[in-house]
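These notes are about the structure you will find just below.
In this text the structure is predicted, and so the values were computed from the model without any measurement. Here is the naming used below: chain letters follow the sequence lines, and residue numbers restart at 1 for every chain.
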Number of protein chains: 2
Amino acid sequence: MDKIIAHILVVDDDDGIRSLVKKYLIENDYLVTTADSAEDAVEKIKIIQFDLIILDIMMPGKSGLEFIKDNKKKIITPIILLTAKGEPSERIEGLEIGADDYLPKPFEPKELILRIENIIKKTKLNDQKRVIQFQNIKIDLNKQMIFKNDNEYKINNTEKKILEKMINNPGKTFSREDIGLLIELDKERSIDVIITRLRKKIEMDPKRPKFLQTIRGTGYVLWIE
Amino acid sequence: MDKIIAHILVVDDDDGIRSLVKKYLIENDYLVTTADSAEDAVEKIKIIQFDLIILDIMMPGKSGLEFIKDNKKKIITPIILLTAKGEPSERIEGLEIGADDYLPKPFEPKELILRIENIIKKTKLNDQKRVIQFQNIKIDLNKQMIFKNDNEYKINNTEKKILEKMINNPGKTFSREDIGLLIELDKERSIDVIITRLRKKIEMDPKRPKFLQTIRGTGYVLWIE
DNA sequence: CGAATTATAAAAAAATTATTAACAAAAAAT
DNA sequence: ATTTTTTGTTAATAATTTTTTTATAATTCG
């Protein structure tokens, strides 16, 4: 399974800290881009969709707090603030304004990594399977595609939601009601049809489903290997 | 930040200028290859992927302008034109045709280096992609041009912003809202129209988009490889 | 077997996206 | 200052995709 490598933007005017943090992060298998000012960061986020921003609060020019204020409408990316020691008011303001966490300098590398992992987990980026393969079938939720032998099929949002849930809970049976809640749909017969269509895409022999099976009277289950 | 060692091709029929430029460049830590004619340059670019081409406009045989015309669909590399003094029409034509900058002869070595650095910064640096090529399509954000087979299209600022983002996040789906934030535009229907227009430029068959695809209910994604 | 449940196909309906053309506003050119 | 070109907006219509319905078949299990 493909691990998603989070892309992190490190914003700090201090060369030493910037490269140190970059080094830590790279050692921990993150993809890192740096910016040496808020202005620089603004340019970079225009172009790259980061998974996390680590932001120094005190910088010449625009401060970290100003950066957040100016961009919070546009940014969905979580932010970890680096604050100077003993500046509780700024920390609080940062969190109020939209930062997701803060870390007072100086900090232990391990602590930084911990907080990053924590946030990444929260944003659900990492703990979910997005690509799985069994036999000759590959389901790629990121691409919203299924590859079966030499065929490829698009999967729509409804199908994606169902597969997402089932892939991350293999062997668990979902009632039609469960599925209906998931995809915001309360017509039970419609779910039959959706399952039928899904089977055409993921089963070698859709009439004799091996993976997406029916549990009569209960619901459906994804059964992989 | 690490300095990138750029590989530069110098194309000039004049031995003196060629070796002089080469000397300057080597002193400034560039890697240099020379060609004494457009024909020679054509052979060299077949073999080596340069980071920059410095091209004399006036040469016996094929001229610099002809070289660009003949190769612009294929070449990703930025070009600096060397023009004879006081030939503004040729300069303008050069820029129109696809050069990235020009420098009138005679020039100060320092000025050449400055322009080189400027271009290198714009292109290679930043780990941002500015020029990409796939199949018969080339997108050049610096020149704001798209080359498709024998056609070429200008891209405006809006289109550029969208492509910039997507090129640097290939495979990532952007909602209309994302795109709207990016280009400061909140009319969702307008985005449809903009996408349609973009597809006319970058798709071989705009009615059946292969690259700029719709993820129904979610948004759009650029799919290249 | 027979009743209940599930499967399937095809058609209809609904929702979303695509396309075109016409227009207005802004920008660029003359 | 006027004209031309470009760009975003809107609206009307078409095309596509997805959901729902309907009708019928197939399956399961007491």
Side-chain angles (χ1 to χ4, degrees), chain A residues 143-146 152-164 173-223, chain B residues 88-89 92 95-96 143-146 152-163 173-223:
Chain A
K143 298 178 184 166
Q144 296 203 190
M145 293 285 285
I146 293 174
E152 49 182 79
Y153 308 91
K154 277 197 215 171
I155 49 186
N156 64 33
N157 281 358
T158 302
E159 294 167 332
K160 181 180 160 191
K161 280 182 199 159
I162 294 171
L163 285 176
E164 199 166 33
T173 303
F174 293 92
S175 67
R176 286 202 187 71
E177 201 189 341
D178 292 337
I179 296 172
L181 276 167
L182 187 66
I183 62 178
E184 284 158 344
L185 191 158
D186 60 351
K187 315 287 189 298
E188 299 225 331
R189 295 302 102 218
S190 293
I191 290 169
D192 294 6
V193 179
I194 289 166
I195 294 291
T196 296
R197 280 196 299 251
L198 250 180
R199 282 178 173 149
K200 289 197 178 136
K201 297 179 184 173
I202 78 171
E203 294 286 350
M204 297 302 290
D205 180 2
K207 298 269 181 185
R208 240 158 282 283
K210 268 186 70 179
F211 309 118
L212 185 40
Q213 292 199 338
T214 305
I215 308 295
R216 178 166 266 249
T218 311
Y220 300 97
V221 61
L222 182 66
W223 203 250
Chain B
S89 65
I92 290 163
L95 289 179
E96 272 178 356
K143 296 173 185 156
Q144 295 204 190
M145 292 288 287
I146 293 174
E152 47 189 84
Y153 308 91
K154 279 193 218 166
I155 49 185
N156 64 31
N157 286 349
T158 302
E159 294 169 330
K160 181 180 161 191
K161 280 182 200 160
I162 295 170
L163 285 176
T173 304
F174 293 93
S175 68
R176 287 202 186 72
E177 201 189 340
D178 291 337
I179 295 172
L181 280 169
L182 186 67
I183 62 178
E184 283 155 348
L185 190 157
D186 61 349
K187 315 288 188 302
E188 299 225 329
R189 295 301 104 218
S190 294
I191 290 170
D192 294 6
V193 178
I194 289 167
I195 293 290
T196 296
R197 287 176 183 165
L198 248 180
R199 280 181 175 147
K200 290 203 177 129
K201 298 179 185 174
I202 78 170
E203 293 287 349
M204 296 302 290
D205 180 1
K207 298 268 181 185
R208 239 155 277 286
K210 266 187 72 180
F211 309 117
L212 185 40
Q213 290 203 335
T214 305
I215 307 294
R216 178 168 268 246
T218 309
Y220 299 96
V221 60
L222 181 66
W223 201 249

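- Atoms CD (B:Glu177) and P (C:dT17) sit 14 Å apart, rounded to a whole Å.
- For A:Ile195 and D:dA26, the CD1 to P distance is 21 Å, given to the nearest whole Å.
- Between A:Ile179 and A:Lys161 the shortest side-chain heavy-atom distance does not fall below 4.5 Å.
- One interatomic measurement links the two molecules: CG of A:Leu198 to P of D:dT18, which rounds to 12 Å at whole-angstrom precision.
- Considering only side-chain N and O atoms, A:Asn156 lies under 4.0 angstrom from the phosphate OP1 or OP2 of D:dT18.
- One can place CZ of A:Phe174 at 17 Å from P of C:dT6, the figure rounded to the nearest angstrom.
- Atom CG in A:Asn157 sits roughly 11 Å away from atom C1' in C:dT16 (whole-Å rounding).
- Under 3.5 Å, the side chain of B:Arg189 and the base of D:dT10 form no donor-acceptor pair of N or O atoms.
- At C:dA9, one or more side-chain N or O atoms of A:Lys200 fall inside 4.0 Å of OP1 or OP2 (strictly under the cut-off).
- You'll find a donor-acceptor pair under 3.5 Å spanning the side chain of B:Arg197 and the base of D:dT9, going by distance alone.
- Contact of B:Arg216 with C:dT17 (side chain to base): no donor-acceptor pair of N or O atoms is detected under 3.5 Å.
- Between A:Lys154 atom NZ and D:dT18 atom P there is a gap of 8 Å when expressed in whole angstrom units.
- Formation of a donor-acceptor pair under 3.5 Å by the B:Asp186 side chain with backbone atoms of B:Gly180 is not found in this model.
- Side-chain N/O atoms of B:Tyr220 include one lying less than 4.0 angstrom from OP1 or OP2 on C:dA18.
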